[in-house]
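Residue numbers begin at 1 in each chain, while the letters A, B, ... track the order of the sequences.
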Amino acid sequence: MAANYFAEIILPLALPGTFTYEISPEDQPYLKVGQRVSVPFGTNKLYTGIVHSFHQNKPELFKTKFIDSVLDTEPLITEIQIQFWEWIAKYYMCSLGDVYRNAFPTALKWESETFVKFIGTVAQIEENLSESEWMVVNALDKKGILAVSEIAKLVDKKSTIKIIKSLWEKGIIQLDEVLKEKYTPKVELFIKVNPELKSDEKFFNSSLEKLKNAAKQRETLLQLIVEESQSSKPIKISKFIKKFGGNHAMFRSMEEKGMVEIYDLEISRIDEIDNKTIDSEALNFEQNQALKTIGNYFEEKKTVLLHGVTSSGKTEVYIKLIEQNLEEDKTTLFLLPEISISSQMVQRIRKYFGDKVGIYHSKFNQNERVELWNKTLNDEYKIIIGARSALFLPFQNLGLIIVDEEQETAYKQTDSRPYFHARDMALVLANFYQANVILGSATPSLETYQNAQTGKYGHVQLTKRFTDVPLPKIELIDLRAAMRSKEITGDISNLLREAIIETIKEGKQVLIFQNRRGFAPVVECTSCGHSPFCPNCDVPLTLHKMSNLLKCHYCGHSQAKPSKCSNCQSLELDTKGIGTEQIEVQLESIFPKLKIARMDVDAMRRKFAYEKTLEAFEEREIDIIVGTQMIAKGLDFSNVGLVGVIRADSMLNFPDFRAHEKAFQLLTQVAGRAGRRNEQGKVLIQTYNPDHEILQNVTRYDFEKTAKDILYERKSFLYPPFLRLIQITFRHAKKEKVDKVSEAFVNLLKPNFDEKHLLGPEEPSISRIRNLYIKNVLIKIPENASPQSVKNLIEKGIASLYTVQAFRSVRIEIDVDPQ
DNA sequence: AGCACGCCGACT
DNA sequence: GTCGGCGTGCTC
């Protein structure tokens, strides 16, 4: 058997290709593709790399180094994953290292710049440690936190990462994650009687005496004692109220008197306590038909669009499909947009499949991610629910991928490379495993819809609502007319106000939606019109009322709110633009007696704020919630009679070829929040353009017409799904350089494209961020050209730009299929 | 991408 | 005299 002398190693670098290292004779028999190795890089860096392949060709252009140590006995990533990573790197035009960095858990990827933290004390250590391990532990005991590069100075450099890995596996050290915010799981409120009250007769009697004028509380207290004696299970407040009546205020009053304790528990833990799974429900006729049709499409190896209106029962179909997949002993990957991870959907899936379900979420800490990684590798979970990053888990026998809410733009990664779209990559991954794919949506993306129309995907529709209640009635309110006749207060028209009053009278609740894109208030001088701008970015600063600070949402710059205009010294400063905060204030002044809450990123920052607001709304302690998209997605409210949209126009006038598509989706989604259980709800949309095609279509729930209209426009103006886009962004601190390089790039490509397919360089609406000037070039891949040939042209163009020394400092970023 | 090396301006 | 600015070149 010929020995493998060299290994190609994947390193977490933004450099093309893999890196060649020599394998020592003693490592040769054990080294396998997919294992982690520790390698030296540059002058004094250490990296954890992945074995990509073996060969015996000594490189002639550079001197190879040796692999320091092999970190695993078995591969941690599968060969399919390596192929998948390579596919992504090629398609999204980034390096294999970019994919590795993003796809692999940080805690398994120690490198020089990683910081480690000592947990516990020296005295607590029971394991046998080697001499070098003790050296590291003692150093950490003194300092608390050390970088891997610092540890490398203490011990044999070659075994540094091995030592760290061993200590980490023994639970002695931890990755330092200080800056990572903690994931807050969904909680439920519970109640228990103060144990002292039950054991101390005096306390018991005095308590009852105190409640002699509060019959309901007295009765509740006694009932609680009875409940506790009958079962050891914790008592859910919501369940107790349903059974015996009462309200939260009452429990809080009892808590103040020290008779009971209110506490919270994570839902997932409760499920462990209450670990009975239930059988899936029988499907109705339409769902059964859908299931059969899906099965037929799967036979043909076709992706299926499951297109069903709100409440049409997509979840039940998903569950049956998972069951079928399970019967073949195959794994299911269930993708959800990040925001929906805490939704009822996840709870329902867990209810059916119990501990076969693993959940992967970007806010899980590194230990939890590693645990899920290993359990997936060992095939311990048969169902994985996760956001887009779950796509990178080491699946063993993937049989089905479900992409729920496939139209959500959250599936596209925009913050770091690779800029991949999880829905699209789900199809690629499925192809590697020969797995089936379901794309689910009430308002599919036009890409998916087009594929379903042309027969590339199977199209399965669910049109009947589960409960047979008609969809909410949607009406438009003409803001221009309201302004003319002065039938408006602030941003609330009289019609909307009347409807709110009516709804509250009927004992129902109200949701008011204000799109976040209608930006929070900007400070403006009333005499000269000047607004303070960010010193680093080309954007006006945003006023944060609570802290009285002006903040930049792009670079984080913040400054105190000035008392006078910096331009004309006038003291008359006003705010412009409407955010949720302002709508809340307006509603409070119109309805001083109603309880109003706000639900947006700012208001939900406090721990459990989200859970508490939801709970209070469910218990009807809140009359109106004002919110952003947050209220539109994934929430099931049962008592909403009215949904109001403050201003639909900001969504429609957004300079983006997807604006209309997104507006339709969002408005339809918001409308779906009204009147879910057994009565028809009402939706009022305020707008300056009541004649707008899209809004008219929204009122009729006419997805087909909307899709047809938009697709027609997309076809004539050359946009997806009729062709693919690639956006190239140029950034530099000097404006002239950005202009020059982007211009040179376009000139290089011009011979290969006509002016309809090569656009720019264009200045984006925000032309400078973090002191870097920005220019964009947009390429529309012609229908008759191969995407790969266009990508090759782009790469060649950049390479030839980089032959000019002065051009190299301009950062060039490529976004394939930009959102 | 990072990072070391190297050559010029404003400070103790 | 030095500290540190970023332009340049390299990483298996």
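Rounded to an integer number of Å, the gap from NE2 of H52(A) to C1' of dC12(C) is 14 Å. The interatomic distance linking L61(A) (CG) with dT11(C) (C1') rounds to 14 Å, in whole Å. Per the geometry, CG belonging to L13(A) stands 10 Å off P belonging to dC12(C), to the nearest Å. Remark: C1' of dC6(C) and NE2 of H732(A) are 10 Å apart, rounded to the nearest angstrom. In this entry the distance linking OH of Y100(A) with C1' of dA1(B) reads 16 Å, nearest Å. Rounded to whole Å, the distance from NZ on K63(A) to P on dC10(C) is 17 Å. Summarising the geometry, the separation between CZ on R731(A) and P on dA1(B) is reported as 11 Å, rounded to the nearest angstrom. Here the P atom of nucleotide dC12(C) and the CD atom of E22(A) are 14 Å apart, to the nearest Å.
Within 4.0 Å of E8(A), counting heavy atoms only, lies no atom of the nucleic acid at all. F41(A) comes within 4.0 angstrom of a base, heavy atoms only. Residue L15(A) is in base contact, counting any heavy-atom pair closer than 4.0 Å across all strands shown.
Closest to the side chain of N44(A), from the set dA1(B), dA4(B), dC12(C), is dA4(B). When distances run from any side-chain atom of R808(A) to the nucleotides dC12(C), dA1(B), dG9(C), the shortest one goes to dG9(C).
With centroids closer than 5.5 Å and planes inclined by less than 30 degrees as the test, F62(A) and the base of dC12(C) pass as a stacked pair.
With a 4.5 Å cut-off on side-chain heavy atoms, P394(A) and L76(A) do not count as touching.
Using a 4.0 Å cut-off, no side-chain N or O of Q805(A) falls inside it from OP1 or OP2 of dG7(C). Phosphate proximity of dC3(B) to K45(A): present, with a side-chain N or O under 4.0 Å from OP1 or OP2.
Atoms OH and CG, on Y47(A) and L11(A) in that order, are 7.5 Å from each other to the nearest 0.5 Å. A distance of 10.5 Å separates CZ of F730(A) from NZ of K775(A), quoted to the nearest 0.5 Å.
Side-chain polar atoms of H52(A) and E86(A) form a donor-acceptor pair below 3.5 angstrom.
Residues F395(A) and T78(A) share a closest heavy-atom pair of O-CG2, 4.2 Å.
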